[in-house]
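Inspection log for the structure reproduced underneath, given as structure tokens.
So that the names make sense, note that chain A is the first sequence line, chain B the second, and so on, each numbered from 1.
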Amino acid sequence: MQQRIGVFVCHCGSNIAATVDVKKVVEMLALEPGVVHAEDYQYMCSEVGQAKIAEAIKEKQLTGVVVCSCSPRMHETTFRKCAERAGLNPYMVEIANIREQVSWIHKDMEEATQKAVILGRAAIAKVSLNTPLKAGESRVTKRALVIGGGIAGIQTALDIADAGYEVDIVEKTPSIGGRMSQLDKTFPTLDCSACILTPKMVEASANEKITLYTYSEVEKVSGFVGDFTVDIRKKARSVDMSKCTGCGVCQEKCPNKKAPSEFNRGLNTRSAIYTPFAQAIPNVPVIDREHCTKFLTGKCGVCSKVCQAGAIDYEQQDEIITEKYGAIVVATGFDIIKLDNYGEYAYDQSPDVITSLELERIMNAAGPTKGHLERMSDHKAPKNMVFIQCVGSRCSDGRGKSYCSKICCMYTAKHAMLIRDKYPDVNVTVFYIDVRTPGKNFDEFYRRAVEDYHVNYIKGQVGKVTPEADGSLTVHGVDLIDNKQIKMKADMVVLAAAIEPNPDIRKIATMLTASIDTNNFLTEAHAKLRPVESPTAGIFLSGVTQGPKDIPETVSQAGAAAVKAIGLLAKDKLLTNPCTAQADIMACNGCSTCANVCPYGAISYEDKEVRGPGIREVRRVAVVNSALCQGCGACTVACPSGAMDLQGFSNRQIIAEVDAICR
Amino acid sequence: MSIGANEEFRPKIVAFCCNWCSYAGADLAGSSRLAYPADVKIIRVPCSCRVNPMFILRAFERGADGVILCGCHPGDCHYSTGNFYARRRMTMLFSMLDYIGVENGRTRVEWVSAAEGAKFSATMNDFVAKVTSLGKNVRLGDLRCKN
């Protein structure tokens, strides 16, 4: 059939038009074979612009549309929908990306215009070979999985459950609660973290729509949006959850209390059978087999003897639970960086150099010091405290992280203020690069620390902390405003260590095929317009897994991720990507090469009657299940007889693009 | 477009970019205004494993001076394993091409994630410089395709 192609060149205001001579592009592309219509407009994506496309489709009976505009990742869907409304198959639209790939990176107008024309020609060559495609349908499993049971995961799960959908939380540690459960007070209101978090934890555990898998990890993920299959490994707790009453006697009587407490950041120890903290949910302990005498030597069994419910089960094995989900939310949160690269702060040499998260535990009434501010070395009250900001954040020398951890300025102001309030004779000094406190009531909070609580803020960095023989610390720093070297005595030094994504995130991202950046934060589908969605359909991002944020931001993002997941779960059917592989049964010889490379098991073999000139026989040929095929194209290249091709990115289409570019 | 003896040599370069990582990386290079030479023209493919060695041979036959294939980092493929196939196929193809005289500098596989706009731009600058230094590709070119 003779193609009738329309070309629409967008100015994108001046984004394209300032560097690309759009009139010239129209003029040149109008000369291409098959092009019956070419025009330019200021904003093709606007209502007027789309009306122009629709009008041309109808009036000129266009069979194909090329829009020379921004990236197809931006507006391909917009223009496909526009074509569909005008009666043209949406897959008869191709985009030439002349903004991101031309106008924004080239300065010379002639050169840019020439490249825009070439990209336009490639798109025309491709669209000439497009075939109308129809999206299939797939069903949606109305259940969501939330990976991570911190405040982000809890909030997302609560919101999804509120909308009436089943949701499972998988949490690696024995209890939900996450980082927030370790905090003492929260900025800028100074309310107690546990007081606002524990009700939410209880709510999540009591909600009949929510299932908690604590002490569990995601092991395997397969499937795709609407229909994921996930294997969850429930690690052996060695305690029967259905029998345990949470009385706590086992923890009290456990003779081995030498395991470092993860919850208290190793500042004190815990028993081998333990719940991380008193308000843990579920309130069922776990036996840490690496520290339990029974598991190490075979002798002991005290917990089993004292447990009146008979809940201790030394034989318990890991259990794999397989469940289907329509949507997956990643809320794996963060940890603080290891300070191995920062030897100058003497973190490894002195117990009185601590991280802010350790201070958080020290100041907490349930912490290792019962809330008394004291040095970990000699349990004396400090007189002078120094806080060092940006330890590993905003780092340009490769030792730490390039980004700002965002929360440190505020929590340091909080710590300084709380200490000055409770212990007015403690001198508090903060070394900072910049104080960054944007946020509702944030700057006022910081100013209170300076003005009302007289915290000594010094702009400058600390070069070295040296432990002295008398047990004190000497801090060597600079004051950039007075331009002088500073040497001061301190009893305690607190490091605002950079935050980094959960160390397991790479493994999880690989399982989910979700994009991840060089800092191990998950990438959004669009940094501004789709900030809680992964580019991988059906995967949503909640909390610090996407980037550094504080609690209010985490909670609002968690809600946003929930809404996006609910929007997906509310659908009964999803349209599938019609760009799937297809086998030409005339050429297929049933060799199975394609099935071996298919990551989705979408290819099977059937005996089919093949008819051709002089041929009429039954052959074993490949058949692609278009509901399973995700359209990667691995099979198309693997096929030795060239029988496999990918709709929407066919061999002929790509070769036509190559030819157009090399012309 | 014929190139006269006095004119500066500008190579023709085809870049195959996977939709999920590298094409997005190219978009980020664009929105971050990180320039690279206009000689690079991108073809979007769903995955690096969609790139048939025939496409690359075709490009050289039609007069391309260099071909680069960009995909997600190994282990990060949107389709789990696609880039592993691409890597293996290209290793074989490029060594064969080198054998018949299309130097290794004219072909390249690079992993660029969606967040690596700067890497995309730097890679393209470097590749264009390399291909330019190698000059016009005379091997494989089919004279019948010249216009």
Side-chain angles (χ1 to χ4, degrees), chain A residues 70-74 95 97 99-108 111-112 114-115 118-119 122 126 222 506 509-511 513-519 521 523 527 535-536 577 579 597 599-600 630-638 642 646 648-649 651 654-655 657-663, chain B residues 1 12-14 16 18-21 23-24 26-47 49-56 58-64 67 72-73 75-82 85-86 89 113-116 119 121 145 147:
Chain A
C70 54
S71 170
R73 291 162 43 84
M74 187 78 207
I95 310 288
N97 183 350
R99 193 178 74 176
E100 281 83 348
Q101 288 176 19
V102 180
S103 67
W104 274 352
I105 49 165
H106 303 319
K107 288 209 166 69
D108 182 71
E111 195 177 71
Q114 195 183 24
K115 181 171 173 184
I118 293 173
L119 294 183
K126 186 180 183 196
S222 58
R506 274 220 163 251
T510 303
M511 279 193 273
T513 68
S515 305
I516 191 164
D517 70 17
T518 39
N519 289 318
F521 290 112
T523 315
T536 303
N577 172 18
C579 296
V597 300
Y600 302 101
Q630 299 296 298
C632 66
C635 56
T636 61
V637 185
L646 186 65
F649 291 93
N651 290 331
I654 297 175
I655 284 176
E657 285 181 273
V658 170
D659 289 357
I661 287 171
C662 296
R663 200 162 95 189
Chain B
M1 268 193 307
K12 268 185 199 170
I13 289 175
V14 179
F16 290 98
C18 83
N19 181 48
W20 301 94
C21 291
Y23 196 91
D27 276 355
L28 184 60
S31 55
S32 314
R33 316 296 198 272
L34 299 165
Y36 53 89
D39 312 316
V40 177
K41 313 286 189 305
I42 296 173
I43 295 180
R44 183 166 69 127
V45 285
C47 176
C49 73
R50 176 65 190 96
V51 177
N52 196 314
M54 291 300 293
F55 302 161
I56 293 169
R58 176 77 165 209
F60 284 120
E61 179 194 297
R62 293 287 161 137
V67 178
C72 308
H73 285 269
D76 292 348
C77 174
H78 181 76
Y79 304 100
S80 308
T81 50
Y85 293 121
R89 285 168 189 156
S113 81
E116 293 176 325
K119 183 177 180 188
S121 171
C145 303
N147 50 359

Which bit of [X] is near chain B, if near means a heavy-atom gap under 4.5 Å: side chain, backbone, both or neither?
{"X": "A:N651", "value": "both"}
{"X": "A:A527", "value": "neither"}
{"X": "A:A509", "value": "neither"}
{"X": "A:L119", "value": "side chain"}
{"X": "A:Y600", "value": "side chain"}
{"X": "A:V597", "value": "both"}
{"X": "A:R506", "value": "side chain"}

**Request:** Only pairs at least two apart or in different chains count here, so list each side-chain hydrogen bond (donor to acceptor under 3.5 Å, both in side chains) that has a residue in residues 26-44 of chain B.
**Result:**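 Listed once each, the pairs are A:S71-B:D27, A:R73-B:D27, A:E76-B:R44, A:N97-B:D27, B:R10-B:D39, B:N19-B:R44.
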At a 4.5 Å cut-off on heavy atoms, which part of [X] comes close to chain A: side chain, backbone, both, or neither?
{"X": "B:A29", "result": "backbone"}
{"X": "B:V67", "result": "neither"}
{"X": "B:L34", "result": "backbone"}

**Item:** Any donor-acceptor pair under 3.5 Å from B:R50 side chain to A:F649 backbone
**Value:**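 Yes.
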For [X] and [Y], work out which heavy atoms get closest and say how close.
{"X": "B:C49", "Y": "A:V637", "answer": "O-CG2, 3.2 Å"}
{"X": "A:I105", "Y": "B:G30", "answer": "CG2-CA, 3.8 Å"}
{"X": "B:W20", "Y": "A:P535", "answer": "CZ3-O, 3.2 Å"}

**Request:** For the residue pair A:I661 and B:K12, establish whether any side-chain heavy-atom pair is separated by less than 4.5 Å.
**Result:**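 The answer is no, as the side chains (C-beta and beyond) never meet within the 4.5 Å cut-off.
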Could you grab the distance from atom [atom1] of [X] to atom [atom2] of [Y], nearest 0.5 Å is fine?
{"X": "B:S113", "Y": "A:I516", "atom1": "OG", "atom2": "CD1", "answer": "9.5 Å"}
{"X": "B:Y23", "Y": "A:E100", "atom1": "OH", "atom2": "CD", "answer": "7.5 Å"}
{"X": "A:D659", "Y": "B:E61", "atom1": "CG", "atom2": "CD", "answer": "8.0 Å"}
{"X": "B:H78", "Y": "A:C632", "atom1": "NE2", "atom2": "SG", "answer": "9.5 Å"}

**Prompt:** In terms of heavy-atom contacts, does CE of B:M54 have more than 12 from other residues, nucleotides or ligands at under 6.0 Å?
**Reply:**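 At most 12 heavy atoms, drawn from other residues, nucleotides or ligands, come within 6.0 Å of this atom.
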**Message:** As a quick check of understanding, evaluate side-chain contact (heavy atoms from CB on, under 4.5 Å) for A:T636 and B:N52, giving each step before the final call.
**Reply:** CA-CA 8 Å; A:T636 61; B:N52 196 314; 5.9 Å; no
**Request:** Please name all residues satisfying side chain to side chain donor-acceptor pair (under 3.5 Å) with A:T513, sequence neighbours left out, ordered by chain then number.
**Result:**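 A:T513 satisfies side chain to side chain donor-acceptor pair (under 3.5 Å) with no residue once adjacent residues are dropped.
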**Request:** Just give me the residue among A:L646, A:I654, A:N519 that pairs up with chain B most often, heavy atom to heavy atom, under 4.5 Å.
**Result:**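 Looking at each option in turn, the highest pair count goes to A:I654.
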**Prompt:** Who among A:V102, A:D108, A:D517, A:T510 has the most heavy-atom pairs with chain B under 4.5 Å?
**Reply:**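 Among the listed options, the one with the most contacts to chain B is A:T510.
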What residue, out of [options], has the most heavy-atom pairs lying under 4.5 Å from chain A?
{"options": "B:P53, B:G82, B:C47, B:A24", "answer": "B:A24"}
{"options": "B:V14, B:I43, B:T81, B:V45", "answer": "B:I43"}
{"options": "B:A115, B:A38, B:A26", "answer": "B:A38"}

